[in-house]
**Q** 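Could you have a look at this structure, given as structure tokens, before my questions?
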Amino acid sequence: MALARSNAFTPSPLTISPHLAPRLSRLSVAQYDRMIENGTIGESDDVELIDGFLIVKTGRGRPHVQAGRMGLAALLRIVPQGWHVAKADPIVASDWSKPEPDLAIVRGGIADYAERDVTGRDLGLVVEIADSSLAVDRDVMGRLYASGGIPVYWIVNLVDGLVEVYSDPDAGSGYRSRIDHRRGDSIPITLDGRDVGRAAVDDLLPAGESL
């Protein structure tokens with residue numbers, strides 16, 4: 001997840017008057033979905049709903065794209081029957097947020113979600129790949145995923161060349177545990193309390209990272 005990519009027209013930096021802040025209107029997930037269904041929001045808008053606000057996603061450079069491919073391949077080798085790996089698919093994290101994490105391990109098969117959204121209780125792990133979005137992924141997204149009850153959250157940190165693993169979510173304070181894993185390490189993956197495998201950090205970071 002990341003914030004801000006310019007289109008044909010780039011608005012000036014947003015400054016909200018304290019007089020207007022109490023009057024801001026937030027979108028619910030239900031309202032957001034209706035706007036997508038009726039075409040008000042199209043695929044070319046490239047936005048996601050975070051805390052009731054439409055957030056423009058950043059472009060993905062080559063290291064980000066490569067890390068996404070590597071992470072997908074690594075998780076596909078590990079995830080057992082009864083789970084699947086999603087890439088940049090929307091999840092309902094709350095009534096006000098429908099982010100699109102770079103990767104996620106989702107309970108069940110793809111067909112199980114033909115008629116409903118993936119929610120926090122369906123997830124074993126979410127992964128964000130962070131370069132310019134690192135501060136947002138740590139603060140905003142970490143709090144959001146913890147409040148949704150998602151048990152484990154990884155940040156593939158391309159800036160520092162490591163993987164940050166967050167666990168023990170608390171709805172009010174975010175994740176209470178963080179462990180950093182560096183090249184040469186491997187990260188255990190636990191689903192429903194069962195260890196299903198380990199992912200090597202070297203299989204998640206493109207060659208030459210950190211940035």
Side-chain angles (χ1 to χ4, degrees), residues 1-72 85-104 106 113 117-120 123 125-148 150 153-160 164 166 174-175 206 209-211:
M1 179 297 169
L3 302 178
R5 182 175 68 189
S6 60
N7 294 316
F9 170 72
T10 303
S12 58
L14 180 63
T15 301
I16 300 174
S17 164
H19 302 292
L20 292 178
R23 297 166 59 187
L24 289 175
S25 177
R26 298 163 69 199
L27 291 174
S28 68
V29 168
Q31 290 170 318
Y32 175 68
D33 287 344
R34 285 198 294 271
M35 292 174 72
I36 293 173
E37 290 167 5
N38 66 27
T40 303
I41 298 174
E43 290 185 9
S44 61
D45 292 309
D46 209 11
V47 296
E48 56 190 338
L49 186 70
I50 305 296
D51 284 339
F53 297 101
L54 295 180
I55 303 298
V56 180
K57 294 182 283 185
T58 61
R60 293 169 171 82
R62 184 175 290 111
H64 191 293
V65 171
Q66 183 68 0
R69 292 170 177 164
M70 293 172 67
L72 178 62
V85 182
K87 188 174 188 294
D89 287 349
I91 64 171
V92 174
S94 74
D95 290 341
W96 302 96
S97 295
K98 196 170 186 178
E100 299 177 11
D102 288 310
L103 295 165
V106 186
Y113 301 93
D117 288 319
V118 175
T119 67
L123 295 162
L125 168 69
V126 290
V127 182
E128 295 287 5
I129 299 165
D131 34 40
S132 62
S133 66
L134 181 57
V136 172
D137 289 331
R138 282 174 173 165
D139 179 24
V140 178
M141 303 311 294
R143 173 183 50 79
L144 180 62
Y145 292 144
S147 67
I150 298 167
Y153 170 42
W154 293 0
I155 298 177
V156 178
N157 179 342
L158 302 183
V159 177
D160 301 308
E164 303 173 10
Y166 297 85
Y175 288 98
E209 303 306 325
S210 61
L211 297 178

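Predicted model, so just to flag it, every value in this text is computed and none were measured. Sequential numbering from 1 along the given sequence is applied to the chain's residues.
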**Q** Of all residues at least two apart in sequence or in a different chain, which pass the side-chain contact (heavy atoms from CB on, under 4.5 Å) check with Glu164?
**A**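 By the side-chain contact (heavy atoms from CB on, under 4.5 Å) rule, Glu164 matches Leu134, Arg138, Ile155, Asn157, Leu162, Tyr166, Arg178, Asp180.
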
**Q** For the residue pair Gln31 and Arg26, what are the closest heavy atoms and their distance?
**A**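 Here Gln31 and Arg26 meet closest at OE1-O, 3.7 Å.
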
**Q** Residues in side-chain contact (heavy atoms from CB on, under 4.5 Å) with Asp117, at least two apart?
**A**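 side-chain contact (heavy atoms from CB on, under 4.5 Å) check on Asp117 returns Asp33, Val92, Lys98.
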
**Q** Does Tyr153 reach the side chain of Pro101, with side-chain heavy atoms less than 4.5 Å apart?
**A**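 No. Closest side-chain heavy atoms not under 4.5 Å.
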
**Q** How far does CG of Leu103 sit from CE of Met70, to the nearest 0.5 angstrom?
**A**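 One finds 12.0 Å between CG of Leu103 and CE of Met70.
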
**Q** Could you state the interatomic distance from CG (Asp131) to NE2 (His64), rounded to the nearest 0.5 Å?
**A**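 Atom-to-atom, Asp131:CG and His64:NE2 are 5.5 Å apart.
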
**Q** Ignoring hydrogens, what is the shortest heavy-atom contact between Met141 and Pro99? Give both atom names and the distance.
**A**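 Looking at all heavy atoms of both residues, the shortest contact is CE-CB, 3.7 Å.
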
**Q** Determine whether Leu158 and Pro206 make a side-chain contact, defined as any pair of heavy atoms from C-beta on separated by less than 4.5 Å.
**A**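 The answer is yes; the side chains approach within 4.5 Å.
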
**Q** Would you compute the distance between atom CD1 of Ile41 and atom CG of Asp46 and round it to the nearest 0.5 angstrom?
**A**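 If I round to the nearest 0.5 Å, the distance is 11.5 Å.
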
**Q** Do Arg60 and Asp102 come within less than 4.5 Å of each other through their side chains, counting heavy atoms only?
**A**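 When only atoms from C-beta onward are counted, Asp102 and Arg60 do touch, with a gap below 4.5 Å.
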
**Q** Would Leu27 and Met35 satisfy side chain to side chain contact (heavy atoms under 4.5 Å, CB included), going step by step from the backbone distance to the final call?
**A** CA-CA 10 Å; Leu27 291 174; Met35 292 174 72; 3.8 Å; yes

**Q** How far does OH of Tyr145 sit from CG of Leu125, to the nearest 0.5 angstrom?
**A**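 These two atoms lie 10.5 Å from each other.
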
**Q** Checking Arg143 now: which residues fulfil side-chain contact (heavy atoms from CB on, under 4.5 Å) with it, not counting sequence neighbours?
**A**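 Arg143 satisfies side-chain contact (heavy atoms from CB on, under 4.5 Å) with Asp51, Val140 once adjacent residues are dropped.
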
**Q** I need the minimum non-hydrogen distance between Phe53 and Ser25, along with the two atoms involved.
**A**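 In terms of heavy atoms, the two residues are closest at CE2-O, 4.5 Å.
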
**Q** I'd like to know if the side chain of Asn38 and the backbone of Arg34 have a donor-acceptor N/O pair within less than 3.5 Å.
**A**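 Here the side-chain-to-backbone pair exists.
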
**Q** Search all heavy atoms of Tyr32 against all heavy atoms of Glu100 and return the closest pair with its distance.
**A**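 Where Tyr32 meets Glu100 most closely, the heavy atoms are OH-OE2, 4.4 Å.
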
**Q** At what distance, to the nearest 0.5 angstrom, does CG of Leu49 lie from CD1 of Ile55?
**A**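 Reported to 0.5 Å precision, the distance equals 8.5 Å.
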
**Q** If you look at every heavy atom in Val118 and Leu123, which pair is closest and at what distance?
**A**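 Closest heavy-atom pair between Val118 and Leu123: CG1-CD2, 3.8 Å.
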
**Q** Between Ser147 (side chain only) and Leu144 (backbone N and O only), is there a donor and an acceptor less than 3.5 Å apart?
**A**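 Side chain of Ser147 to backbone of Leu144: a pair is present.
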
**Q** Please report the interatomic distance OH(Tyr113) to CD1(Ile91), rounded to the nearest 0.5 Å.
**A**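 One gets 11.0 Å once the value is rounded to the nearest 0.5 Å.
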
